[in-house]
**Q** 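Please see the structure below; I have some questions.
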Amino acid sequence: MTDLVYNEMLKIIRKKRLFIIAAITAVLVALFTYAQFKHVQDVQKRLGTADWRTQLQQQIIDTQNRLNSSGIDEEWRKFLQIRLQQQQYYLDHNINPSAPGAPTFMRTFVENAIDLFLPLMVMVVVADLVSSEASGGTIKLLLTRPIKRWKILLSKYIAMLLSISFIVLSLVCLSWLISGAVFGYGGWNLPLLTGFTIQGEELNTANVHLISQWKYLLMELGLAWFVAVVVGTLTFMLSVLIRSTAAVMGVMLAALISGAILANMVSSWESAKYFFMVNLRLTDYISGTAPPINGMTLGFSMSVLAVWGIAALLVAFFVFVKRDVY
Amino acid sequence: MVKVIAVLSIIAGGCWLFGLGLTVYDQFFQPTASLSTHYRAEETTDEDHRLQIVAIGDSLTRGTGDETGKGYVGYVLDELRTKTKQPIQLTNLAIKGQVSEQLLQQLQQNEVQRQLKQADFVFMTIGGNDLFQGGETLQNLSAEYINRIKSVYLRHLDAIFRTIRSVNPHAVVFYIGLYNPFNQLDHAETTSAIVRQWNYDSAEVAARYPHIIAVPTYDLFELHVNDYLYSDQFHPNKEGYKLIGERLSSLITFTKEGKK
């Protein structure tokens with residue numbers, strides 16, 4: 001079994017995709033670092049101070065003013081309302097939610113990468129894991145060996161899990177190294193708040209507790225990894241079902257992008273919350289941002305994703321074992 | 001190479017799995033420990049050389065109606081920057097539609113008080129929403145009704161001034177009075193009389209405290225009110241804000257010279 005997994009890892013690495021992904025991540029992180037740097041400078045210039053409390057207070061006031069404007073979208077209003085209460089909570093407890101530093105940048109980056117960027121990167125590796133063997137004809141060679149089919153697929157799946165872990169790892173390392181050059185490498189022990197729950201328009205702070213930033217980051221990365229694995233599993237299933245890699249990519253891409261669009265307009269269509277793609281932003285639950293549909297919680301989203309993942313895995317194995325290969 | 005990556009991946013995978021477990025533990029099984037509210041009202045004295053301006057109040061201080069978004073605060077700032085080389089820090093805490101009671105509540109917040117404590121000057125507009133209530137008051141201009149809302153307002157105003165003075169005894173507070181935006185509508189005489197009386201009573205309250213200066217704007221808008229009003233016929237437009245800004249900035253030079 002180990003040999004099989006090793007063999008599959010060898011195939012993935014030979015294709016050089018992992019390095020391309022690392023390169024893309026490096027370029028993007030550099031871009032975002034610069035953007036963030038510009039933003040920080042701009043805020044300091046506008047307010048004439050680097051004091052974060054003044055900046056946060058100003059943000060709160062700006063939000064309050066936006067809330068008081070007429071003709072504001074109901075959806076957006078709710079979002080602002082909750083963010084406002086959260087910012088006020090941070091301010092009241094004298095905690096800076098965005099103290100500069102590489103860990104803070106990484107946190108923001110993970111939160112924004114989790115629903116599109118990271119799944120895309122995963123897709124690049126996973127999409128052709130099985131379909132390329134089918135379209136290239138090598139699948140026959142693979143299946144003529146005296147090894148059970150499910151073992152072959154399992155070895156591919158384990159190799160996929162390893163690659164996903166590696167992608168997340170490279171994301172972490174690169175964003176830390178690159179952003180740290182600008183913002184400094186420290187800030188792991190900053191306190192952050194988590195445990196906000198959202199009830200309608202109110203932010204419930206009963207379970208709020210302090211955790212260090214490194215722990216917070218580890219939690220977010222765990223969630224990001226989980227999301228990546230689920231998306232990877234779905235792509236894996238499609239790769240088994242469809243021979244054409246381009247088609248696999250196309251279907252997954254459409255699903256992911258539709259998720260991003262749906263999240264902005266599904267609030268009135270409640271059963272849409274059972275789609276996997278509106279549940280991808282798991283980190284929002286940790287930070288306490290309003291979910292796209294009322295009543296969605298971390299437990300709910302994780303269960304939905306897990307069900308989709310397990311179903312996809314079952315389908316993939318069932319089809320792969322039963323299918324005629326010719 | 002492959003082995004290195006594979007081992008790294010296994011270690012990383014373990015890490016992420018641990019993170020996931022931590023999340024589940026932290027979010028679902030964490031005993032509800034109440035967060036200690038350890039607000040440290042620390043003083044920051046390193047920015048003493050700056051001229052600190054804090055603006056509080058309603059939409060007028062916010063600058064609603066000025067398409068450049070500056071409002072009178074912005075024009076005062078522009079003017080001050082030409083007069084002094086001292087770096088100026090402005091904190092605009094005004095919220096649209098705010099009434100005196102809400103301002104009073106806002107002033108109880110820790111952070112707002114910290115800002116106020118550092119202020120050299122405080123700009124403030126309040127009362128427009130108390131009196132006009134978005135134009136609703138025009139339906140009922142009876143003296144009895146006006147007196148009722150006014151007495152509530154004056155009580156809040158007194159509390160606002162008292163709060164500011166207790167937080168910061170030295171800052172000069174410019175309390176900017178009301179103008180009559182309905183100067184050219186029906187009942188102009190009645191509304192003008194109400195605004196005049198309102199301003200007078202407010203100035204009386206301001207006079208109870210040191211360094212609180214009631215700045216009139218009534219006269220600025222008296223003659224050509226429609227030239228200075230935004231299309232909502234209530235807030236000043238750019239020109240209107242410039243007028244208020246000019247008046248205020250001239251006062252600040254005077255007090256600065258007076259101090260020296």
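Being a predicted model, the structure only gives us computed values, none of them experimental. Below, read A as the first sequence line, B as the second, and so on, with proteins coming before strands; counting in each chain starts at 1.
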**Q** Mind checking whether A:Leu298 and B:Phe28 have side chains closer than 4.5 Å, heavy atoms only?
**A**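 Contact flag for A:Leu298/B:Phe28 side chains = yes.
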
**Q** Name, in order of residue number, those residues of residues 57-69 of chain B that have a heavy atom at a distance of less than 4.5 Å from a heavy atom in chain A; otherwise write 'none'.
**A** B:Arg62

**Q** Any chance you could measure B:Leu22, atom CG, to A:Glu220, atom CD, to the nearest 0.5 Å?
**A** 12.0 Å

**Q** When you compare the side chain of A:His93 with that of B:Asn110, does any pair of heavy atoms fall below 4.5 Å?
**A**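 Of all side-chain heavy-atom pairs linking A:His93 with B:Asn110, none is under 4.5 Å.
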
**Q** Apply the test side chain to side chain contact (heavy atoms under 4.5 Å, CB included) to residues A:Met9 and B:Lys3: give CA-CA distance (whole Å), side-chain angles for both, the deciding distance (0.1 Å), then the verdict.
**A** CA-CA 9 Å; A:Met9 277 307 279; B:Lys3 276 198 176 132; over 6 Å; no

**Q** Nearest 0.5 angstrom please: B:Ser9 OG to A:Ile167 CD1, how far?
**A** 9.0 Å

**Q** Roughly how far, to the nearest 0.5 Å, is the OG1 atom of B:Thr23 from the CE atom of A:Met302?
**A**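 Separation between the atoms: 7.0 Å.
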
**Q** Hey, could you give me the CH2/CG distance between B:Trp16 and A:Leu161, rounded to the nearest 0.5 Å?
**A** 14.5 Å

**Q** Nearest 0.5 Å, what's the CG-CG distance between B:Asn92 and A:Asn65?
**A** 8.0 Å

**Q** So for atom CH2, which belongs to A:Trp214, do other residues, nucleotides or ligands contribute more than 12 heavy atoms lying within a distance under 6.0 Å?
**A** no

**Q** What residues, two or more places apart in sequence or in another chain, satisfy side chain to side chain donor-acceptor pair (under 3.5 Å) together with A:Glu111?
**A**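 Listed in chain order: nothing, the list is empty.
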
**Q** Looking only at heavy atoms, which of residues 95-102 of chain B get nearer than 4.5 Å to chain A?
**A**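 Under the 4.5 Å heavy-atom cut-off, B:Ile95, B:Lys96 qualify.
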
**Q** I'd like to know which of A:Val168, A:Ile286, A:Val5 tops the heavy-atom pair count under 4.5 Å against chain B.
**A** A:Val168

**Q** Please classify the contact between A:Tyr285 and chain B as side chain, backbone, both or neither, with a heavy-atom cut-off of under 4.5 Å.
**A**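 The answer is the backbone of A:Tyr285.
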
**Q** Is atom CZ of A:Phe19 surrounded by more than 12 heavy atoms (other residues, nucleotides or ligands) closer than 6.0 Å?
**A** yes

**Q** Stepwise, does the side chain to side chain contact (heavy atoms under 4.5 Å, CB included) test hold for B:Val24 with A:Met219?
**A** CA-CA 9 Å; B:Val24 172; A:Met219 281 162 60; over 6 Å; no

**Q** Which atoms form the tightest heavy-atom contact between A:Ile61 and B:Leu93, and what is the distance?
**A**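 Minimum heavy-atom contact is CD1-O, 3.4 Å.
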
**Q** Taking A:Thr54 as the fixed residue, which of B:Glu111, B:Gln118, B:Gln115 is the one that meets the side chain to side chain donor-acceptor pair (under 3.5 Å) rule?
**A**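 Only match with A:Thr54 under side chain to side chain donor-acceptor pair (under 3.5 Å): B:Gln115.
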
**Q** Using the side chain to side chain donor-acceptor pair (under 3.5 Å) rule, collect all pairs that involve residues 156-170 of chain A, keeping only residues at least two apart or in two chains.
**A**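 The answer is A:Glu8-A:Lys156, A:Glu133-A:Lys156, A:Tyr157-A:Thr233, A:Ser165-A:Trp225.
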
**Q** Count the heavy atoms of every other residue, nucleotide or ligand shown that sit under 6.0 Å from CZ of A:Phe117, and state whether that count exceeds 12.
**A** yes

**Q** Do A:Gln57 and B:Gln109 touch side chain to side chain, with heavy atoms closer than 4.5 Å?
**A** yes

**Q** Check whether B:Ile10 gets within reach of chain A through its side chain, its backbone, both or neither, counting any heavy atom under 4.5 Å.
**A**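 When you check distances to chain A, atoms from both the backbone and side chain of B:Ile10 fall under 4.5 Å.
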
**Q** Among the options B:Gly13, B:Gly21, B:Gly19, B:Pro87, pick out the one with the most heavy-atom pairs lying under 4.5 Å from chain A.
**A**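 Of the candidates given, the most pairs with chain A belong to B:Gly19.
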
**Q** If you tally heavy-atom pairs under 4.5 Å against chain B, which of A:Asp62, A:Leu282, A:Ile60 wins?
**A**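 Most heavy-atom pairs within the cutoff with chain B belong to A:Asp62.
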
**Q** Looking at OH of A:Tyr216 and CG of B:Asp26, how far apart are the two atoms once the value is rounded to the nearest 0.5 Å?
**A**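 Here the rounded value is 10.0 Å.
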
**Q** Which atoms of A:Ile13 are under 4.5 Å from chain B, going by heavy atoms: the side chain, the backbone, both sets, or neither?
**A** side chain

